[in-house]
2 protein chains.
Amino acid sequence: MIVQSRKTRQKDAIRAAFLSANRPLSPDETLHHARELVEGISIATVYRNIGSLLEENWLTAIALPGETARYEVAGKEHHHHFRCNACHKIFEMPGCGVQFEPNLPKGFRVTGHEFFLSGNCAACR
Amino acid sequence: MIVQSRKTRQKDAIRAAFLSANRPLSPDETLHHARELVEGISIATVYRNIGSLLEENWLTAIALPGETARYEVAGKEHHHHFRCNACHKIFEMPGCGVQFEPNLPKGFRVTGHEFFLSGNCAACR
DNA sequence: ATGCTAACTAAAATAGAGTATCACTAATGC
DNA sequence: GCATTAGTGATACTCTATTTTAGTTAGCAT
C-alpha cells in the first residue's frame with residue numbers, strides 16, 4: 001500500500017492547539033500552544049501543518065486589518081472577530097449580527113463583507 | 001529666516017494624486033498617479049512624502065485585511081471601504097451605515113469597529 | 001524487525017514592504 | 001545671482017513573516 005500521509009505527534013498537537021484555544025491563532029501562538037504538548041516542535045512544522053490543514057479544509061485563514069493572519073477550525077457558521085487592543089488576541093463572535101446599507105456608486109456589486117470589533121477583552125480590563 | 005520645509009513638484013504631485021484619485025491609494029498606486037505629473041519621481045519620495053503628510057494629518061492610513069495599507073485624505077467623516085476582487089482597488093463608501101449587535105463574552109468592552117465590503121466595481125463587471 | 005520515505009528540526013534563504021544612505025538637484029532667503 | 005540646505009533618485013539595507021534546504025527521526029507496510 002502506498003502511504004500518502006502520516007499521523008504525527010506534531011500535527012496532532014497543532015490540531016489540539018486550535019481545538020483547545022477555541023479562538024483564531026497566529027502561527028506563533030500555535031507554536032506556543034503546541035509546545036506544551038510536543039516539546040521542541042519547530043515553527044517550520046507549524047507553518048507546514050497549517051498549510052496542509054488549510055488544504056484539507058480543516059482550517060481557514062482569517063485576514064485581519066494591520067495584523068498577520070490567524071487561522072481557525074473550518075466549518076463554523078458565518079461570524080466575525082474581536083481584537084483586544086491590549087493583548088492583541090483575536091476572539092470569535094458567534095453569529096453575524098451586522099446590518100448595513102451600503103452607500104456605493106452605481107454599478108458596484110457586493111458579494112461579501114468583513115467586520116471587526118476592537119476593544120478590551122475580559123482578561124485585560 | 002530659517003526654512004523648515006520646501007514646496008516641491010513631487011510633494012504637490014503626490015497630494016494631487018490623492019485628490020484626483022478620490023479613493024485610498026497604496027504607495028505604489030500613488031507612484032503611478034504621481035508619475036503622470038512628475039516624470040521620474042521615485043518610490044522613496046512617495047514613501048517619504050506619505051510619511052510627512054501623515055505627520056501633518058493631511059493623510060490617514062487605512063489598514064485592510066490581507067492587503068498592504070492604503071492612504072486617503074484625512075478629515076473625512078467616519079466611513080468604510082469597498083474592495084474590488086478583480087482590480088483590487090479600494091473605494092470609499094460615504095457614511096457609516098452599519099448597525100451591529102455584538103455577541104461577545106462577558107466582560108468585553110467594545111471601543112471601535114471596522115467594516116469592509118468586497119465584490120466588483122463598476123469598471124470590472 | 002526492517003526498509004522506505006514522509007515528516008521533523010534547525011538553520012539558512014527568500015519575499016515583500018518599508019527605511020536609510022548618499023551624491024546630486026533645486027527651492028528659498030538674501 | 002548666489003549660497004545654503006531640504007528634498008530627491010537610485011539603490012542598499014532592514015525587518016519580519018514565511019519557505020526551503022539538508023540532514024535526521026520516526027510512522028507504517030511488509
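Ring geometry for A:Phe18 versus A:Trp58: interplanar angle over 60°, hence perpendicular rather than tilted (30 to 60°).
When atom types are taken as modelled, the side chain of A:Arg35 and the backbone of A:Ile41 share a donor-acceptor pair closer than 3.5 angstrom. For the pair B:Glu67 (side chain) and B:Leu64 (backbone), a donor-acceptor distance under 3.5 Å is absent.
The shortest distance between side-chain heavy atoms of A:Lys89 and A:Glu29 falls below 4.5 Å.
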Requested in this report: Spell out protein contact along nucleotides 1-12 of chain C as letters: B when the base is contacted, S when just the sugar-phosphate is, - when no protein heavy atom is under 4.0 Å; keep the 5' to 3' order.
Outcome: ---BBBSBBBB-
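Distance, A:Glu29 CD to D:dA17 C1': 15 Å, rounded to whole Å. Between the CG atom of A:Leu31 and the P atom of D:dT16 there is a distance of 17 Å, given to the nearest Å. B:Glu67 has its CD atom 10 Å from the P atom of C:dA17, to the nearest Å. To the nearest angstrom, P of C:dT19 lies 10 Å from CD1 of B:Ile50. Separating the CG atom of B:Asp12 from the C1' atom of C:dA27 is a distance of 12 Å, rounded to the nearest angstrom. Straight-line distance from the CG atom of A:Asp28 to the P atom of D:dT19: 15 Å, rounded to whole Å.
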Report task. Apply the test ring pair (Phe, Tyr, Trp, His ring centres under 6.0 Å) to residues B:Phe116 and B:Phe82: give CA-CA distance (whole Å), side-chain angles for both, the deciding distance (0.1 Å), then the verdict. Result -> CA-CA 6 Å; B:Phe116 304 92; B:Phe82 175 97; over 10 Å; no
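In this model, the phosphate group of D:dT18 is approached by a side-chain N or O of A:Thr68 to a distance below 4.0 Å at OP1 or OP2. For B:Tyr47, a side-chain nitrogen or oxygen approaches OP1 or OP2 of C:dG18 to under 4.0 Å.
Between B:Phe100 and A:Phe100, the gap from one ring centroid to the other reaches at least 6.0 Å.
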